Colleague: 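Encoded as structure tokens, here's the structure I'll be asking about.
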Amino acid sequence: MADKTVIAYFMHEVERDAARNMLSGAEVTESYVLGTIDEGRIPDLERQGLIVQVIDDESTEETPASETELTRGSAPSCLKSRPRSPRKSQPLTRRSPRTTWSRSTAR
């Protein structure tokens, strides 16, 4: 069987150590081990209590470019279409003896 690149997620040190021992070129983080393993040994990892995610080497897809490219300083069209209403300034009033301030609702 072919070698597969996998991410083996663990929760305990015992599971981490099992993944580190079974994976070739293992890179260990705080929550997973990344490495390669023979496809037939993946169920062995799962029996050790690991969650295994196979990384498909050919799945690197590029996001298609937008039909309209943004230029520096331009806003997306969804933001340009909304009219902005000016806000009326309201005086600050004191609500309590503390230093809490709020906008006055009186006009």
Side-chain angles (χ1 to χ4, degrees):
M1 292 190 179
D3 283 348
K4 295 285 185 179
T5 302
V6 297
I7 299 176
Y9 298 94
F10 61 86
M11 291 188 62
H12 306 286
E13 291 83 11
V14 175
E15 296 163 351
R16 178 198 63 209
D17 295 339
R20 187 182 335 181
N21 292 333
M22 294 178 73
L23 296 176
S24 302
E27 296 179 34
V28 181
T29 70
E30 292 183 12
S31 59
Y32 65 88
V33 180
L34 173 69
T36 58
I37 190 169
D38 183 70
E39 191 174 6
R41 295 187 62 201
I42 292 175
D44 296 335
L45 283 173
E46 292 169 340
R47 278 192 286 277
Q48 295 289 327
L50 294 146
I51 305 296
V52 180
Q53 177 183 2
V54 177
I55 306 297
D56 187 13
D57 295 331
E58 298 174 12
S59 70
T60 55
E61 298 176 11
E62 291 188 27
T63 305
S66 171
E67 291 179 15
T68 58
E69 295 294 325
L70 292 178
T71 58
R72 185 178 176 99
S74 68
S77 60
C78 64
L79 296 178
K80 290 180 182 178
S81 63
R82 288 190 302 170
R84 300 194 86 188
S85 60
R87 289 188 174 185
K88 296 179 182 177
S89 66
Q90 297 175 347
L92 291 175
T93 58
R94 195 171 185 143
R95 287 176 41 173
S96 67
R98 295 184 181 183
T99 57
T100 304
W101 294 88
S102 67
R103 298 263 177 208
S104 172
T105 57
R107 295 185 185 194

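It should be emphasised that the depicted structure is a prediction, and the values quoted were computed from it without experimental measurement.
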Colleague: Donor-acceptor pairs under 3.5 angstrom involving side-chain atoms of residues 38-45: please list them, not counting sequence neighbours.
Modeller:
from, atom 1, to, atom 2, distance (Å)
D38, OD2, G40, N, 3.2
D44, OD1, R47, NH2, 2.3

Colleague: Same cluster for I51 and L34 if Ile/Leu/Val/Met/Phe/Trp/Tyr side chains link at under 4.5 Å?
Modeller: yes
Colleague: For residues 15-22, dump all side-chain donor-acceptor pairs below 3.5 Å to protein atoms at least two apart in sequence or in another chain.
Modeller:
from, atom 1, to, atom 2, distance (Å)
E15, OE1, M11, N, 2.8
E15, OE1, H12, N, 3.2
D17, OD1, R20, NH2, 3.2
N21, ND2, D17, O, 3.1

Colleague: Output the distance between atom CG (D3) and atom CD1 (I37), rounded to the nearest 0.5 Å.
Modeller: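 Output value for this atom pair is 9.0 Å.
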Colleague: Closest heavy-atom contact between Y32 and F10?
Modeller: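 So the minimum-distance heavy-atom pair works out to N-CE2, 3.3 Å.
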Colleague: Same cluster for V28 and L23 if Ile/Leu/Val/Met/Phe/Trp/Tyr side chains link at under 4.5 Å?
Modeller: yes
